[in-house]
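Here is the structure we will look at, set down as structure tokens.
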There are 2 protein chains.
Amino acid sequence: MVRMRDIADHLGISVSTVSLAMNRKDQGRVNAPLAERIRATAQEMGYTPNLHALGLKLNKSHAIALICRTSPDDPFLSAMTGGAQAAATDAGYILITIPVSSAPGAEAEAIETALQRDVDGIVFAADFYRRRSIPGVPDSTPFVFLDCVSTGANPVVTEVIADEVQGSFEATAHLLAAGHTRIGYIGVDDDRYLARHLRERGFRAALREHLGSGAAPLIVNAADPSISAGEQAAHQLFERAGSEPPTALFCFSDRTAFGVAQAARARGLRLPEDLSIVGFDNVEYTSEFFSPRLTTVELPHQRMSAEAVRQLVHRIEHPRSDPLRITVPCPLIHRDSVRPAVPSSERLER
Amino acid sequence: MVRMRDIADHLGISVSTVSLAMNRKDQGRVNAPLAERIRATAQEMGYTPNLHALGLKLNKSHAIALICRTSPDDPFLSAMTGGAQAAATDAGYILITIPVSSAPGAEAEAIETALQRDVDGIVFAADFYRRRSIPGVPDSTPFVFLDCVSTGANPVVTEVIADEVQGSFEATAHLLAAGHTRIGYIGVDDDRYLARHLRERGFRAALREHLGSGAAPLIVNAADPSISAGEQAAHQLFERAGSEPPTALFCFSDRTAFGVAQAARARGLRLPEDLSIVGFDNVEYTSEFFSPRLTTVELPHQRMSAEAVRQLVHRIEHPRSDPLRITVPCPLIHRDSVRPAVPSSERLER
DNA sequence: CTGAAAGCGCTAACAG
DNA sequence: CTGTTAGCGCTTTCAG
């Protein structure tokens with residue numbers, strides 16, 4: 001491990017001059033050619049700064065903590081950590097992922113761990129979009145929220161969230177563009193999911209915009225976002241619809257969509273010929289194990305976490321900057337579960 | 001942030017005494033009651049050691065690096081990092097995950113990053129079980145292999161791998177125990193997968209043990225582990241089997257199994273009534289989106305990575321210990337895709 | 001049994 | 001323009 005000391009000796013100069021040159025604080029302090037020569041030999045000798053020394057001196061670790069709940073089978077975890085990793089590396093930081101169990105004091109403990117490592121900032125991620133209280137972090141440690149917002153009206157902390165409304169609007173618009181007019185929505189009846197209201201709002205907005213405000217949208221909420229609840233809800237919706245069944249369904253989640261597909265098949269409907277469906281989440285493998293391959297709205301965890309890290313770095317480097325609410329769009333992933341609507345007259349002929 | 005200095009002042013003693021007491025190096029150096037009192041007040045004042053200072057002094061960071069390829073949708077990534085995280089935390093270390101792209105110099109770069117952070121050890125993980133060369137890491141930095149083995153006969157480095165043979169043996173034995181006798185195996189025809197041979201070996205061994213060496217096992221290899229290749233291979237197998245079709249199939253992977261299921265259904269077979277299948281991997285969501293819920297062998301990434309970290313910590317703390325090859329068992333996950341075999345006479349009656 | 005002092009690699013006043 | 005110096009928090013001889 002070559003130190004500044006080594007390169008100073010090698011050049012017959014002092015450590016502080018080397019330090020100045022290496023930190024590009026040499027404007028009018030070290031003459032240009034010398035500075036250049038220092039940097040060159042540093043490179044040559046394979047100098048890498050000792051981060052412990054730096055940290056000790058500057059109270060800066062060039063490390064960022066990602067604190068999040070980790071259930072062993074969270075489908076979004078890899079995308080989240082991956083995006084955060086990449087962004088951190090890009091910015092010259094390292095990412096430390098600190099898992100937090102669901103035990104009571106776990107979050108405080110995680111924060112403690114992070115602080116002890118002297119991280120320069122913390123990203124708090126939720127396991128799904130939710131409202132949460134501001135964590136007990138000293139004012140001196142910048143932090144941002146990922147996939148969650150603080151209780152209280154105005155963002156007092158930078159928050160990175162998905163644009164659920166836009167995503168569901170787009171999905172519904174896609175169905176409308178395919179000629180469907182009788183479109184239902186299978187939501188979820190659990191207020192812990194903030195997304196619940198946002199996705200319904202996007203759905204309604206698209207319908208209103210394309211069909212006018214006259215149409216009463218067909219909406220049934222499943223008990224939870226599971227496959228079986230989705231299945232049940234779909235049956236309910238078809239029964240409620242009676243003789244005018246929907247030709248397309250927008251679903252709260254991919255799992256909901258899967259349940260819906262099972263219900264539809266049980267009723268003798270072919271997918272996507274008789275019923276088009278769009279899911280939400282773009283859970284990995286969903287597209288592979290689902291047939292027809294599911295058209296769905298992606299929850300862009302990778303982009304979100306990358307953005308969260310970028311925002312955090314910004315706040316680390318500009319401590320006085322204002323908190324922001326960043327909304328990242330949810331792209332619609334076109335696959336095979338949506339078909340153009342067939343006018344009902346033609347359908348009867350077959 | 002309270003320092004040793006603070007607690008020394010508070011007690012009117014010197015820093016070195018505190019250090020001695022805190023590090024339990026006080027045997028016959030500090031009198032017992034004082035040492036105890038020091039530890040008590042440290043606790044009270046909320047002392048936490050400054051890791052930068054420690055690292056600087058001792059060249060130890062209490063950090064471990066996990067270096068691995070990360071494709072954004074590796075289904076095993078969360079389990080792997082999760083297990084490693086937990087084990088590292090348990091051992092008082094922190095885990096730094098360093099992603100490595102598939103670009104040429106990427107691995108060297110990742111190692112560089114790790115070394116610069118002064119990690120105490122490195123876990124190298126492969127994206128699937130494979131043989132690989134020893135990475136260019138200084139002798140002073142302990143490392144272990146996860147899900148890979150070194151080229152060369154004897155392990156020169158500690159390796160943690162899954163017991164693929166045992167897993168497939170158990171799966172096949174389960175099928176046999178359910179009364180099946182005509183059992184086929186859909187493998188994969190790609191030698192990059194070391195698992196390929198091991199799984200086939202387990203399959204053959206179970207058959208031999210239960211059925212004797214007379215039976216020629218029905219084996220078809222798919223071109224790759226994808227769904228479509230599995231589907232094709234299954235058709236091929238059924239054609240080859242002719243009038244004596246298998247009543248159960250063991251599959252190289254869950255995706256293979258999914259393809260197999262599609263092929264079977266296309267041939268009018270009901271699952272699991274007419275055909276039992278067992279997969280391999282226990283990929284998340286596979287059980288949910290697969291119907292019937294897939295009985296499969298789990299690739300225990302969480303346990304493996306935890307074990308790798310434990311081994312690494314052991315090597316960090318006992319540098320002269322011998323390299324080991326650790327094999328962790330693959331449990332069979334019982335779900336709904338296996339049914340007891342029905343004697344062929346009864347089958348015809350229905 | 002306890003304390004003083006040096007030093008890990010680096011930065012930042014401050015002198016020169 | 002360059003060098004000297006002190007000090008970040010801790011461990012570890014070495015004296016006392």
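Convention: sequence-line order gives letters A, B, ...; per-chain numbering from 1. This one's a predicted model, so the numbers in the text were calculated from it and none came from an experiment.
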Rounded to the nearest 0.5 Å, how far apart are CZ of B:Arg131 and CD of B:Glu159?
-> 8.5 Å

Work out how much the helix from C:dC1-D:dG16 to C:dG16-D:dC1 bends between its end axes, five pairs an end, to the nearest 10 degrees.
-> 50°

Output every pair passing salt bridge (Lys or Arg N to Asp or Glu O under 4.0 Å) with a member in residues 35-52 of chain B, not counting sequence neighbours, ordered by first then second residue.
-> B:Asp26-B:Arg39, B:Glu36-B:Arg39

Got a sec, which pairs hit ring pair (Phe, Tyr, Trp, His ring centres under 6.0 Å) with one end in residues 74-98 of chain B, sequence neighbours left out?
-> B:His62-B:Tyr93, B:Phe76-B:His301

Under 3.5 Å, side chain of B:Ser101 to main-chain N/O of B:Ala106, donor-acceptor pair present?
-> no

Distances under 3.5 Å between nitrogen or oxygen atoms of protein and nucleotides 14-16 of chain D:
none

Do other residues, nucleotides or ligands put more than 12 heavy atoms under 6.0 Å from the CZ atom of A:Arg5?
-> no

Close side-chain approach of B:Ser19 and B:Asn23, heavy atoms under 4.5 Å = yes

Produce a footprint string for nucleotides 4-11 of chain D: one letter per nucleotide, 5' end first; B if the base is under 4.0 Å from any protein heavy atom, S if only the sugar-phosphate is, - if neither.
-> B--BBBBB

From NZ of A:Lys60 across to P of C:dA12 the rounded distance in Å is 13 Å

Where at least one partner belongs to residues 46-71 of chain A, residue pairs that pass salt bridge (Lys or Arg N to Asp or Glu O under 4.0 Å), sequence neighbours excluded = A:Lys60-A:Asp120

To the nearest angstrom, how far is A:Ile7 atom CD1 from C:dG9 atom C1'?
-> 13 Å

Between B:Val144, B:Ile111, B:Val100, which is the residue that forms a side-chain contact (heavy atoms from CB on, under 4.5 Å) with B:Phe124?
-> B:Ile111

Given the rule in the side-chain contact (heavy atoms from CB on, under 4.5 Å) test, do B:Leu95 and B:Ile64 qualify, once you have shown the distances and angles that lead to the verdict?
-> CA-CA 5 Å; B:Leu95 187 80; B:Ile64 282 176; 3.8 Å; yes

Flag the pair A:Arg132 and A:Glu107 as a salt bridge only when some basic side-chain nitrogen lies within less than 4.0 angstrom of an acidic carboxylate oxygen.
-> yes

